[in-house]
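Here the structure comes first, spelled out in structure tokens, and everything after it is commentary.
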2 protein chains.
Amino acid sequence: MTAMDPAEVRTQLGRNLTYGMLDTLGRAIVIGSYQDRVFPTEAELAKEYGVSRSVTREAVKMLTAKGLLSARPRQGTIIQPATSWNLFDTDVLRWLLERKFSVELLRHFNQLRVAIEPEAAALAATYAQPSDLEAIDAGLKRMRAAEQGNDDTLDADIAFHVAVLRASANPFYAQFRDVVSTALRTSIRFTNRIKGRSASVDDHAAVRDAIAARKPDAARKAMKRLIGDVLDLIETADDEPERPAD
Amino acid sequence: MTAMDPAEVRTQLGRNLTYGMLDTLGRAIVIGSYQDRVFPTEAELAKEYGVSRSVTREAVKMLTAKGLLSARPRQGTIIQPATSWNLFDTDVLRWLLERKFSVELLRHFNQLRVAIEPEAAALAATYAQPSDLEAIDAGLKRMRAAEQGNDDTLDADIAFHVAVLRASANPFYAQFRDVVSTALRTSIRFTNRIKGRSASVDDHAAVRDAIAARKPDAARKAMKRLIGDVLDLIETADDEPERPAD
DNA sequence: GGTGGTCTATTTATATGATCTATAGGACTT
DNA sequence: AAGTCCTATAGATCATATAAATAGACCACC
């Protein structure tokens with residue numbers, strides 16, 4: 001019940017009190033800080049975070065929209081079961097990945113990628129516009145530059161995969177852009193560890209070529225190889241203990 | 001600028017004013033009602049919908065959380081480009097599907113399903129628990145009952161697909177449960193039209209058997225056939241003019 | 001003449017207190 | 001028991017006041 005310094009909440013994640021509280025409270029819920037005790041009432045939350053009820057209500061409403069909470073008169077505000085959290089919301093995903101980095105979550109995520117991205121590549125081979133191909137090429141170029149140390153490896157990799165997703169010309173696939181960026185960016189440490197052994201620039205180029213050549217099946221296969229490798233590595237790494245990066 | 005009767009907003013979608021406004025405003029944005037004019041300020045919105053600023057703010061905050069809006073001082077509240085809308089939010093998806101039923105959106109959605117569900121079936125073949133298999137069987141049983149007219153065809157179909165998604169033991173796949181339900185339920189008319197020609201109960205049973213037999217590849221193929229058929233039908237139906245159900 | 005700082009109007013953000021509404025759970029009745 | 005009614009509680013709504021942020025105008029200075 002120690003009132004939090006407003007400045008502290010504000011500092012957490014830019015912008016303003018509402019977004020600060022959204023982030024702090026969201027993370028707290030995901031971590032499980034409210035697991036055993038009854039979730040505080042609106043007024044208690046306001047006091048706990050040292051903000052007004054308006055701010056509290058708006059933060060709670062946003063968390064409701066993301067599926068983490070529900071509020072009903074006389075029943076109070078309650079945490080929804082994790083199954084109803086919107087995992088494709090970048091905030092929720094980030095909180096989950098940050099809470100206690102779990103190889104399991106990363107494996108689940110890559111099990112998803114192995115379904116999505118190859119199919120996106122196949123669609124891209126059919127629907128990609130010239131501008132999409134340019135974006136893919138640009139991503140590839142950045143990867144090459146990164147090999148020489150002239151660009152960030154992770155950013156380049158993300159740029160490539162995002163470009164393919166967009167090229168699919170399907171809004172549902174394009175949506176994964178944020179999800180993939182968030183997940184890759186948040187799990188930098190781990191992905192770095194397996195990076196050296198995994199997909200090379202040449203493997204990525206194979207995807208690009210198949211798309212450019214308008215060969216859906218080839219594109220699908222090339223992408224599947226790219227991600228399947230990563231997945232294999234994660235699955236074998238499953239029991240490997242986590243340790244800080246050097 | 002005609003002030004809306006609060007009771008009217010309240011009626012829109014159960015619960016209370018905030019959720020009523022969320023739904024009405026969300027739908028209006030998705031339809032494109034605010035496309036050419038500048039988006040109203042918080043105060044104007046409140047007047048337009050005949051509610052207080054608090055209600056307005058909370059509705060706007062929820063729409064912000066779903067990616068439809070952004071608000072900054074002095075700049076005002078503005079509609080985000082459709083690419084940043086969270087399509088995996090059931091509200092957003094429902095608004096999109098309801099606005100003006102589009103075969104294109106349905107095709108895009110099924111292009112996603114064809115990636116997700118076969119892979120989910122494969123994972124289910126590996127990870128499904130006894131209780132998951134029971135749920136799948138229950139869904140199948142309902143489909144058989146529906147054939148005899150003793151259950152709802154759509155509900156039964158949804159139950160089956162949702163059961164498979166859950167059986168994948170992967171939260172990301174399980175997440176599609178809501179998305180698939182929403183999409184199927186909203187596009188009843190169209191799916192009914194192609195239902196007769198598409199997947200039969202036997203095809204569904206094939207998926208079930210492959211999962212029960214712990215054969216990932218067989219499960220994947222069986223599910224792909226199921227959804228691939230639907231997708232083919234949609235793609236050929238692309239130019240077919242829309243007409244009301246009889 | 002352009003560069004950078006400051007000022008201001010506007011809009012959202014925050015705070016607070018009063019009042020309304022829905023409802024869980026108990027009290028009461030049949 | 002089974003149904004009905006009551007009531008305390010917690011969220012929902014409203015109204016109003018004040019603070020904070022910033023786009024754009026304005027101005028001083030080099």
Side-chain angles (χ1 to χ4, degrees), chain A residues 1 3-25 29 34 37-80, chain B residues 1 3-25 29 34 37-80:
Chain A
M1 294 305 158
M4 203 172 273
D5 180 9
E8 192 178 327
V9 178
R10 192 191 305 269
T11 311
Q12 297 286 3
L13 195 74
R15 304 254 274 222
N16 53 36
L17 288 179
T18 303
Y19 284 88
M21 185 170 184
L22 167 69
D23 195 62
T24 311
L25 183 53
I29 291 170
Y34 294 98
R37 40 173 167 154
V38 259
F39 198 80
T41 65
E42 178 188 302
E44 289 166 345
L45 270 179
K47 191 181 291 176
E48 185 178 340
Y49 287 87
V51 294
S52 77
R53 279 178 35 228
S54 334
V55 171
T56 305
R57 283 187 62 80
E58 286 164 23
V60 166
K61 275 281 159 3
M62 286 199 275
L63 288 168
T64 303
K66 293 172 189 296
L68 270 67
L69 295 175
S70 84
R72 292 172 57 195
R74 173 67 215 191
Q75 184 203 46
T77 305
I78 56 175
I79 297 179
Q80 294 290 102
Chain B
M1 295 307 159
M4 203 173 272
D5 180 10
E8 191 178 328
V9 178
R10 192 191 307 268
T11 311
Q12 297 288 1
L13 195 76
R15 305 250 274 222
N16 53 35
L17 289 180
T18 303
Y19 284 88
M21 185 169 183
L22 167 69
D23 195 62
T24 311
L25 184 53
I29 291 170
Y34 294 99
R37 39 173 169 156
V38 257
F39 197 80
T41 65
E42 179 186 302
E44 288 165 346
L45 270 179
K47 190 181 291 177
E48 185 178 341
Y49 287 86
V51 294
S52 75
R53 281 183 55 206
S54 330
V55 172
T56 305
R57 284 188 61 78
E58 285 165 22
V60 166
K61 275 280 151 18
M62 284 200 276
L63 288 169
T64 304
K66 293 173 190 297
L68 270 65
L69 295 176
S70 83
R72 291 172 57 195
R74 171 69 211 187
Q75 182 203 47
T77 305
I78 55 176
I79 298 179
Q80 293 291 102

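In this structure, B:T41 reaches the sugar-phosphate backbone alone: every heavy-atom distance under 4.0 Å involves primed, P, OP1 or OP2 atoms, never a base.
For B:K61 and C:dA13, the shortest distance from a side-chain N or O to OP1 or OP2 is below 4.0 Å. Checking the phosphate oxygens (OP1, OP2) of D:dT13, no side-chain nitrogen or oxygen of B:S52 falls inside 4.0 Å.
How far CD1 of B:I78 is from CG of B:L68: 12.5 Å, rounded to the nearest 0.5 Å.
Scored by the salt bridge (charged side-chain N to carboxylate O under 4.0 Å, His left out) test, A:K61 finds B:E58 as partners (sequence neighbours excluded). By the side chain to side chain contact (heavy atoms under 4.5 Å, CB included) test, A:A65 pairs with B:M62, B:A65, B:K66, sequence neighbours left out. A:E42 meets the side-chain hydrogen bond (donor to acceptor under 3.5 Å, both in side chains) test with A:R53, A:R57; sequence neighbours excluded. In this view, B:R74 satisfies the side-chain hydrogen bond (donor to acceptor under 3.5 Å, both in side chains) rule with no residue, not counting sequence neighbours.
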Under 3.5 Å between N/O atoms: give me all the protein pairs with nucleotides 4-7 of chain C, atom names plus distance.
none

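When all heavy atoms of A:T77 and A:A71 are compared, the pair lying nearest together is OG1-CB, 3.9 Å. Taking both residues in full, the closest heavy atoms of A:M21 and A:V55 are given as SD-CG1, 4.2 Å, listed atom of the first, atom of the second, then distance. In terms of heavy-atom proximity, A:T41 sits nearest to A:E44 at N-OE1, 2.8 Å.
The distance between atom CD of B:E58 and atom P of C:dT14, rounded to the nearest whole Å, is 13 Å. The interatomic distance linking A:R57 (CZ) with C:dA13 (P) rounds to 16 Å, in whole Å. A straight line from CZ of A:R72 to P of D:dT9 spans 19 Å, rounded to a whole angstrom. Computed from coordinates, the B:M21 CE to D:dC14 P distance equals 10 Å when rounded to whole Å. Put simply, NZ on A:K47 is 15 Å from P on C:dA15, counting in whole angstrom units. The distance between atom OH of A:Y49 and atom P of C:dT14, rounded to the nearest whole Å, is 16 Å. To the nearest angstrom, P of D:dA21 lies 15 Å from OH of A:Y19. Rounded to an integer number of Å, the gap from CG of A:L17 to C1' of D:dA21 is 13 Å.
Against DNA chain C, the stretch residues 73-80 of chain A makes heavy-atom approaches under 4.0 Å through A:P73, A:R74.
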Please lay out, stage by stage, how B:L17 and B:Y49 fare under the test side-chain contact (heavy atoms from CB on, under 4.5 Å). CA-CA 10 Å; B:L17 289 180; B:Y49 287 86; over 6 Å; no
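For B:R53 and C:dT11, a side-chain-to-base donor-acceptor distance below 3.5 Å is absent, hydrogens and geometry of angles not being considered.
Checking D:dA12, D:dA15, C:dT16 against every side-chain atom of B:S54, the shortest atom distance belongs to D:dA15.
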